[in-house]
Amino acid sequence: YWVEGVARNITPLSNLLLTVTATDPDTAVGLLMTSYSGITLYDQPFNDSLLNQDTSRLIWTQDGPNPQAFNLTAKLNSTNLPSGVYKATFFANDGFSNGAPSGVYISVDDAGINDRPYIKPIPAVSLSEGDQTIINLDNFGIDPDRNTSTLGMITYSIVSVTPNFSGIQVCGLNPLTNNQNYTLTIAPVSGDANGTASKNVTVTIRATDSGNPALSFDRTFNITIFP
């Protein structure tokens with residue numbers, strides 16, 4: 001039902017309005033109902049009841065009209081709305097069942113501190129020996145500080161590859177973001193599948209910002225190599 005949203009930056013005392021629209025090939029748009037599911041902060045559940053206190057609130061309606069506007073009045077607060085990267089999730093119902101949830105990433109910047117970067121989930125990759133897949137890690141990396149000096153500049157690195165697989169590397173400087181090692185290349189060669197039906201590889205990527213001390217975030221994803 002949902003189209004994945006884009007990352008947005010909001011600043012203290014600002015207002016963010018999200019319009020969520022659901023579609024269904026066999027149900028009229030006006031008959032669908034939309035609902036807010038929940039919110040996380042750096043992938044951890046966030047107590048959204050705190051957002052309904054003071055002036056920091058996310059206003060939503062369960063089983064509301066389609067499309068529906070969700071309003072977030074952002075006022076930084078160390079408990080109610082700390083800075084960082086959130087994901088607000090929504091779903092739709094066609095009168096019979098709920099659709100798969102989807103969400104929007106929201107990065108909240110506190111200009112007074114260095115905020116931790118984040119990497120959105122990286123989809124699993126499947127490819128054969130001799131093939132190549134190139135991933136732009138800047139499509140997944142978010143740093144709330146990206147609009148202030150150099151704090152938001154990210155350097156990507158490979159933390160671990162299990163089991164051993166040498167056909168993966170990061171490189172390149174993105175001229176649009178100044179982020180380092182933003183290009184992830186996966187290129188298995190003959191023999192990397194070990195002669196089996198397939199080989200599964202687990203890779204952990206790290207995003208490290210330019211703060212002092214530097215802050216980082218790790219994201220793990222899977223690769224399947226076929227002969």
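All values reported here derive from a predicted model rather than from experimental measurement.
Contact record, Phe226 with Ala197: CD2-O, 3.5 Å, taken as the closest heavy-atom pair. Nearest approach of Phe221 to Ile122, heavy atoms of both residues: CB-O, 3.4 Å. Contact between Ala22 and Ala92 at its shortest, heavy atoms only, is CB-CB, 3.5 Å. Heavy atoms only, all atoms of each residue included: Val201 and Pro163 are closest at CG1-O, 4.0 Å. Shown here for Pro117 and Phe217, the closest heavy-atom pair between the two residues is O-CB, 3.3 Å.
Tyr105 places a side-chain heavy atom less than 4.5 Å from the side chain of Lys120. Thr183 places a side-chain heavy atom less than 4.5 Å from the side chain of Ile134. Using a 4.5 Å heavy-atom cutoff, the side chains of Leu137 and Ile135 are in contact. With contacts defined as side-chain heavy-atom distances shorter than 4.5 Å, the pair Val203/Ile223 qualifies. A 4.5 Å side-chain heavy-atom check between Pro188 and Leu127 finds at least one atom pair inside the cut-off. Between Asp192 and Asn194 there is no side-chain heavy-atom pair separated by less than 4.5 Å. Put simply, the side chain of Phe90 does not reach to within 4.5 Å of the side chain of Ser35, judged on heavy atoms. Between Asn93 and Leu32, the closest side-chain pair of non-hydrogen atoms is not below 4.5 Å.
For the residue pair Asp138 and Thr177, a side-chain donor N or O sits within less than 3.5 Å of a side-chain acceptor on the partner. For the residue pair Asn174/Asn179, the side-chain donor-acceptor check at 3.5 Å is not satisfied.
For the side chain to side chain contact (heavy atoms under 4.5 Å, CB included) with Phe91, the qualifying choice from Thr34, Asn98, Val20 is Asn98, the only one to do so.
Applying the ring pair (Phe, Tyr, Trp, His ring centres under 6.0 Å) rule to pairs touching residues 151-209 yields nothing, sequence neighbours excluded. Sorted by first then second residue, the side chain to side chain donor-acceptor pair (under 3.5 Å) pairs that include residues 207-227, not counting sequence neighbours, are Asp43-Arg219, Asn114-Asp209, Tyr118-Arg219, Asn200-Thr224, Thr202-Asn222, Thr204-Thr220, Arg206-Asp218.
Cluster annotation: Ile158 is connected to Phe140 through the hydrophobic network of ILVMFWY side chains, with a link wherever side-chain heavy atoms come within less than 4.5 Å. A single hydrophobic cluster is not seen to contain both Ile154 and Leu215; linkage of ILVMFWY side chains at heavy-atom distances under 4.5 Å, directly or through other members, places them apart.
Separating the OG atom in Ser83 from the CG atom in Asp115 is a distance of 3.5 Å, to the nearest 0.5 Å. Once rounded to the nearest 0.5 Å, the distance linking CG of Asp26 with CG of Asp94 reads 7.0 Å. Separation of atoms OG (Ser157) and CD (Gln180) is listed at 11.5 Å; rounding is to 0.5 Å. Annotation: the span from Asp145 atom CG to Ile113 atom CD1 amounts to 7.5 Å, rounded to 0.5 Å. Rounding to the nearest 0.5 Å gives a distance of 11.5 Å between NZ of Lys87 and CD1 of Ile106. The CD1 atom of Ile39 lies 8.0 Å from the CG atom of Leu41; values are rounded to the nearest 0.5 Å.
For the pair Arg116 and Tyr42, the distance from NZ or CZ to the six-membered ring centre is under 6.0 Å and the angle to the ring normal is within 45 degrees.
For Thr27 (side chain) and Asp24 (main-chain N/O), no donor-acceptor pair under 3.5 Å exists by modelled atom type. Between the Glu129 side chain and the Gly191 main chain, a donor and an acceptor come within less than 3.5 Å of each other.
Take Tyr86 and apply the ring pair (Phe, Tyr, Trp, His ring centres under 6.0 Å) test, not counting sequence neighbours, and it matches Phe46.
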